[in-house]
2 protein chains.
Amino acid sequence: MATTVLHTTVLDSLGRRITSGDVAAGTPLTLESIGSEFGVSRTVAREVMRLLEGLGLVRSRRRVGLVVLGIEEWNVLDPRVIRWRLEGPGRDSQLRTLTELRHAVEPLAAAGAAVHATDGERTELVAAARRMRMLGEAGDLEEFLALDVRFHELLLRASGNEMFGALAGVVAAVLSGRTHLGLMPASPVPEALDQHEAVAHAVADGDPRAAEAAMAAIVGEVRAALGGVDRQV
Amino acid sequence: MATTVLHTTVLDSLGRRITSGDVAAGTPLTLESIGSEFGVSRTVAREVMRLLEGLGLVRSRRRVGLVVLGIEEWNVLDPRVIRWRLEGPGRDSQLRTLTELRHAVEPLAAAGAAVHATDGERTELVAAARRMRMLGEAGDLEEFLALDVRFHELLLRASGNEMFGALAGVVAAVLSGRTHLGLMPASPVPEALDQHEAVAHAVADGDPRAAEAAMAAIVGEVRAALGGVDRQV
DNA sequence: TGTGGGCTATTGGTAGCACCTTTGGCAAGT
DNA sequence: ACTTGCCAAAGGTGCTACCAATAGCCCACA
């Protein structure tokens with residue numbers, strides 16, 4: 001995202017520290033303290049501070065400094081905040097809430113894709129599903145993951161709603177987090193492969209209902225595996 | 001959000017200009033041009049630039065300046081970006097994509113609320129639904145809107161998923177946009193009032209399925225009224 | 001025609017200043 | 001003891017000036 005190293009270093013460090021709860025809400029920081037701790041100038045500290053303020057992690061008040069805000073003020077949908085929280089101690093709960101978000105969004109996105117996807121997207125989706133079966137049966141987890149990510153991103157972007165498309169990065173993080181956390185079976189279950197193909201074909205056929213149902217099955221299963229909270233499908 | 005006027009002025013102006021398509025993707029800006037146009041120093045221009053970069057609206061490159069990015073790079077879920085787009089020419093399409101997002105999220109949030117809401121939230125929800133009926137039948141649109149916003153915010157915040165809670169502002173914007181754009185009937189249709197009460201009671205009773213179904217009915221109807229795209233409920 | 005090297009525009013980062021708002025404490029009066 | 005009001009310091013807000021690094025662009029030369 002940011003091309004520069006300096007800002008990202010300081011920003012990531014502070015962002016992680018706040019989102020992890022390492023510094024509690026209400027704690028005051030100052031530009032001075034940031035600058036001296038990281039050995040950067042006031043200017044850089046100020047720019048980082050503005051970013052953090054934009055993310056709702058902190059509010060700057062005169063004479064007080066930057067007071068850390070509570071989670072209800074955070075832009076929890078911002079990719080950076082999501083990343084920090086996934087790297088922090090609340091990883092599991094974050095994975096749960098993100099999965100719930102997927103559960104909400106992806107079926108509708110699939111339905112949208114069935115209506116709005118271009119011809120190229122439809123064929124690529126079908127091809128991706130087919131290759132996923134091959135890789136899944138071969139047991140190549142890393143390659144499978146990459147393709148899985150690609151599949152879901154393609155679908156979200158093809159949904160005709162850029163709000164859904166913006167969640168592609170989130171879904172990628174969830175998928176990757178899941179496999180690298182060992183929450184995935186050694187080789188994908190056949191049902192998942194079937195359902196991915198079902199989604200792809202429903203989209204290719206322009207059948208929004210079928211696409212939505214198949215996607216709901218995919219994400220519903222995942223949710224159950226993660227220890228679903230409510231609503232059994 | 002920002003306590004200062006200067007940044008917000010410049011930021012809003014540039015943000016609106018970009019999100020409205022007034023300056024096309026690929027257009028280069030420079031700190032110099034920003035500073036001189038708005039009569040601010042380089043420092044302020046830089047902070048604004050960082051913010052815009054964080055929102056994915058521009059990318060800063062040396063020797064070139066800030067190149068405006070295409071919509072696929074934008075953080076379209078960020079409250080500021082949403083606000084700008086709602087104020088710009090693409091308002092109707094933005095309202096459509098946001099409504100679709102509501103359609104995806106709110107039913108699941110209702111189900112979550114049925115499981116996770118506190119006692120206080122449940123009773124307030126029921127009370128809000130009852131007052132909405134009174135105000136709706138009285139025809140007081142402004143008051144009704146305020147309560148409608150409160151109802152949905154309460155529900156999203158009670159869902160037990162802060163991702164959903166973060167969308168409260170979005171829903172508020174959509175609701176308010178709808179009534180102020182004259183997309184609402186002079187007095188709320190009785191079905192909507194019934195369904196709001198149904199949601200409230202399902203949440204109060206701890207019945208996630210019923211809450212989800214009732215909320216789906218609310219938001220599904222809205223979608224149809226706005227000129228639904230696919231999936232007829 | 002192609003390629004390498006230098007020029008320069010523009011961001012990246014630093015330092016230090018003046019200003020203004022806020023706030024916490026102190027003092028005086030009730 | 002409690003309130004009121006004033007004052008001083010703290011710390012963000014905004015500005016200017018300056019140097020470093022990098023990357024696009026053009027020109028000279030092969």
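The chains referred to below are lettered A, B, ... by the order of the sequence lines, with proteins before strands, and numbering in each begins at 1. Note: hydrogens, waters and symmetry copies are ignored here, and every other heavy atom, side chains too, is used. These figures come from a predicted structure and were not determined experimentally.
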Nearest whole Å is fine: how far is [N] [atom2] from [X] [atom1]?
X	N	atom1	atom2	result
A:Leu66	D:dG11	CG	P	11 Å
B:Leu31	D:dG14	CG	C1'	15 Å
A:Arg61	C:dG24	CZ	C1'	13 Å
A:Ile34	D:dG11	CD1	C1'	12 Å
B:Glu32	C:dT11	CD	C1'	12 Å

A:Phe38 vs A:Thr9, side chain to side chain contact (heavy atoms under 4.5 Å, CB included): CA-CA, chis, key distance, verdict: CA-CA 9 Å; A:Phe38 293 94; A:Thr9 308; 5.5 Å; no

Which residues share a ring-ring contact (aromatic ring centres under 6.0 Å, His included) with B:His152, sequence neighbours left out: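 B:His196.
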
Residues A:Glu53 and A:Arg59 bridged, charged N to O under 4.0 Å: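 No.
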
Per A:Arg63 side chain, nearest of listed nucleotides C:dG13, D:dA23, C:dT21: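 Selected nucleotide (nearest to the side chain): C:dT21.
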
Candidate nucleotides C:dT8, D:dG11, D:dT22, ranked by approach to the side chain of B:Arg62 - the nearest: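 Nearest nucleotide to the side chain: D:dT22.
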
Side chain B:Thr99, main chain B:Leu95, donor-acceptor under 3.5 Å: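 Yes; at least one donor-acceptor contact below 3.5 Å.
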
Pairs involving residues 114-125 of chain B, ordered by first then second residue, that meet salt bridge (charged side-chain N to carboxylate O under 4.0 Å, His left out) (sequence neighbours left out):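 Those involving residues 114-125 of chain B are B:Glu124-B:Arg150.
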
Residue met sooner reading DNA chain D from 5', once B:Val64 and A:Met49 are mapped to nucleotides: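 So the residue in question is A:Met49.
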
Nucleic acid contacts of residues 35-46 of chain B, taken as heavy-atom distances under 4.0 Å to DNA chain C: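 Within this stretch, B:Arg42, B:Arg46 sit under 4.0 Å of the strand.
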
